[in-house]
There are 2 protein chains.
Amino acid sequence: MLKEERHQTILSEVELHNRILLTDIAETLDVSIDTIRRDVKELDADNKLRKVHGGAISLGFTTNSTRNNNIYKLEEKSRIAGKAVALLKNGSVIFIDGGTTCLELARSIPLNLDLTCFTHSIPVAMELLNKPNVTVILVGGQVSKESQIAFGANAIHNLSEIKVDYSFIGTGYVDSHYGLTEFDWDIVQVKKAVIKCSKKTVLLSISEKLNSQHRYKTCDINAINTMITELDPEDDLLNSFKNHDIRIL
Amino acid sequence: MLKEERHQTILSEVELHNRILLTDIAETLDVSIDTIRRDVKELDADNKLRKVHGGAISLGFTTNSTRNNNIYKLEEKSRIAGKAVALLKNGSVIFIDGGTTCLELARSIPLNLDLTCFTHSIPVAMELLNKPNVTVILVGGQVSKESQIAFGANAIHNLSEIKVDYSFIGTGYVDSHYGLTEFDWDIVQVKKAVIKCSKKTVLLSISEKLNSQHRYKTCDINAINTMITELDPEDDLLNSFKNHDIRIL
DNA sequence: TTTATTATTGCCGTTTTTTGCTTTATATTT
DNA sequence: AAATATAAAGCAAAAAACGGCAATAATAAA
């Protein structure tokens, strides 16, 4: 059995169960515990997992419980993230917006996926640093205290100089007639710039936000190529979006 | 069951219920109370929770339990941060570098201080967002996985367009003769740009790093205006720096 | 092809870590 | 103050990690 094969097996086991015991793996793969120990040590050095006494744990399993438990409607958001991840291919160049739903997407990116990922969100950037195969590029600018994303002239200018395959964005409010709207004018400006710099725009939104609107408009609903909610695409709640040219997942 | 798993379980229980009893946890996880006691003791030492008689309580949201509290030589670094903060005045425009010492500085900024603060470090930016009177401006660019700072052409270009009153920088190695040096070439390039964009440069370094050197050079020791270590400025270890034109704090 | 070199793997003895138990000390409650 | 619960310190057994070593496999060089 090749070393590389073992590494793959170990990684997928870790991803699947969040943790493994060295003794278990050694028995499963029928090699000595020393070999497994060395394998895991290497994988740790490569930041693919975290080695602990007696075994290893997944990097994602850093149950930063404070955040995980405080996210509103986490269940729905991670469903959305799951669907979004399916759009990604090796080599994709993407942009990820701020907000808890997009953060969940960042968290869900598989460890073996090769990506170049732009973001103006500090928490998203933080999360992406845990992904060994993701190149992270930060869009700079003044940082908003509430939303923890860079905004303002500088951020918008930086965005004007890039073009990404997909951008994954969140929104404060969305309505099939009024489009995407926000409470904050500055945020609207950056979102516009994000949409402009992407070949395809994917909106991530929990169904609770559907049919709501606010003061400032980001874009028409037609500017969105794909919309992802936690609902089944055939759900009646999505009917009003179906006569637009949007893919619904 | 791995120790790490127990730690995670204990933490999430504490976050969930705000307080736990050691006996309860011991029974739940089916290990001896001594083991749990030791676990909780470690978690307390890492500032993940607070150990109390008979159990443990959550730190709550007040304390900055944001992350990684197992910083090497934290004591020294927060002494350094204390001295650095004394240089700041209302209205100052500063740059803060990455690294744990600079992070400690960011953490130590008093809540009532009005500042405009540039940084290319994600953890530093994260920390500064907690300061209501600090305007945070992120310097973008590709992000290094190990050092969690933006580097590369884009970051350097962005730095070339600003001028700050003070920059607070860390370094891998420092020597009175060879100046500031680093292990990583890319990092050196950004640091050069940082120094160039600041009226005054302040070096923060624990004394352990004095008289060490590495491959790539950031700058001569003369490029530094102020050097802060955890030592008394009169300490003999600093002698070799005294015949340079540096203020030592 | 044969030979030299390097990498990988299992084994073994030693050291470190972990854990439960016991004893003694300290805290809390009645 | 007495009774009870909890903490701390030390100890020993077991598990795991580490480092060196030698056999073998894989790779490069002659």
Side-chain angles (χ1 to χ4, degrees), chain A residues 1-63 65 111-112 132-133, chain B residues 1-60 63 65 67-75 146:
Chain A
M1 155 152 293
L2 290 155
K3 185 160 101 170
E4 201 50 38
E5 288 182 74
R6 288 199 314 270
H7 283 200
Q8 280 307 117
T9 311
I10 293 172
L11 278 179
S12 50
E13 280 294 300
V14 169
E15 286 304 308
L16 190 58
H17 301 112
N18 281 323
R19 60 113 211 231
I20 50 162
L21 302 181
L22 298 192
T23 48
D24 283 358
I25 293 282
E27 194 171 349
T28 310
L29 298 183
D30 196 31
V31 287
S32 83
I33 184 91
D34 303 78
T35 303
I36 296 296
R37 205 190 307 288
R38 277 183 278 237
D39 285 338
V40 168
K41 212 167 165 184
E42 283 179 45
L43 290 168
D44 183 348
D46 288 353
N47 264 305
K48 302 279 178 61
L49 46 69
R50 206 153 76 74
K51 180 169 168 4
V52 297
H53 196 95
I57 59 175
S58 151
L59 289 181
F61 191 59
T62 329
T63 320
S65 41
L111 290 178
N112 57 0
N133 295 321
Chain B
M1 156 155 291
L2 294 168
K3 183 163 101 172
E4 200 63 27
E5 288 183 85
R6 287 198 314 269
H7 283 199
Q8 299 286 9
T9 310
I10 293 171
L11 277 179
S12 41
E13 282 294 299
V14 169
E15 293 293 328
L16 190 59
H17 301 111
N18 280 320
R19 65 137 204 267
I20 51 162
L21 299 180
L22 298 191
T23 49
D24 285 355
I25 295 282
E27 193 172 350
T28 310
L29 297 182
D30 196 31
V31 288
S32 83
I33 183 99
D34 302 77
T35 302
I36 296 295
R37 204 190 307 288
R38 276 183 280 236
D39 285 338
V40 168
K41 212 167 162 185
E42 282 179 45
L43 290 169
D44 184 347
D46 288 354
N47 273 307
K48 302 278 178 58
L49 47 68
R50 175 80 164 285
K51 182 172 173 346
V52 295
H53 200 94
I57 55 176
S58 154
L59 290 180
T63 17
S65 63
R67 63 194 57 248
N68 298 345
N69 292 60
N70 38 1
I71 294 177
Y72 179 66
K73 300 254 173 163
L74 180 59
E75 185 76 20
E146 310 100 52

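First the proteins, then the strands, lettered A, B, ... as listed; each starts at 1. What you are looking at is a predicted structure, and each value in this text was computed from that prediction instead of being measured.
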* Report the distance from atom CG of A:D24 to atom P of D:dA15, rounded to the nearest whole Å. => 14 Å
* Asked: Looking at the side chain of B:L22, which of D:dA7, C:dT9, D:dG10 is the nearest nucleotide?
  -> D:dA7
* Minimum-distance nucleotide to B:D34 side chain [options: C:dC21, C:dT18, D:dA7] -> C:dC21
* Structure fact -> Of the listed D:dG20, D:dA9, D:dC18, the closest approach to the A:K41 side chain comes from D:dC18
* Asked: Where the side chain of A:R6 is defined as all heavy atoms beyond and including C-beta, which of C:dT19, D:dA8, C:dT9 is the nearest nucleotide?
  -> C:dT9
* Nearest-0.5 Å distance, CG of residue B:L2 to NE2 of residue B:H7 -> 11.0 Å
* Structure fact -> note: A:H7, atom NE2; C:dT8, atom P; distance rounded to Å ~ 9 Å
* Atom CG of B:L2 to atom P of D:dA15: distance rounded to whole Å? -> 15 Å
* In whole angstrom, what separates A:I33's CD1 from C:dC11's P? -> 12 Å
* Asked: Take atom CG in A:D46; do more than 12 heavy atoms of anything else shown fall under 6.0 Å from it?
  -> yes
* Structure fact -> Separation of D:dA16 atom P from B:K3 atom NZ, nearest Å, is 14 Å
* Distance, rounded to the nearest Å, where B:D44 contributes CG and D:dA8 contributes P -> 10 Å
* Between D:dA7, C:dT19, C:dT9, which nucleotide gets closest to the side-chain atoms of A:R38? -> C:dT9
* To do: Looking only at side-chain atoms of B:R37, point me to the closest of D:dA16, C:dT19, D:dA7.
  => D:dA7
* How long is the line joining CG of A:D39 and C1' of C:dT9, in whole Å? -> 10 Å
* To do: May I ask you to decide whether A:E42 forms a salt bridge with A:K3, counting only side-chain N to carboxylate O separations under 4.0 Å?
  => yes
* Asked: Do any side-chain nitrogens or oxygens of B:K51 fall under 4.0 Å of OP1 or OP2 in D:dA7?
  -> yes
* In terms of side-chain heavy atoms of B:H53, which of C:dT28, D:dA9, C:dT19 is nearest? -> C:dT28
* Asked: Which part of the nucleic acid does B:V40 contact within heavy-atom distance under 4.0 Å: base, sugar-phosphate only, or nothing?
  -> nothing
* Rounded distance (Å) that lies between atom P of C:dT8 and atom CG of A:D30 -> 20 Å
* In terms of side-chain geometry, is the basic nitrogen of B:E5 or A:R19 positioned less than 4.0 Å from the acidic oxygen of its partner? -> yes
* **Backbone of A:R50 reached by a side-chain donor or acceptor of A:D44 within 3.5 Å** => no
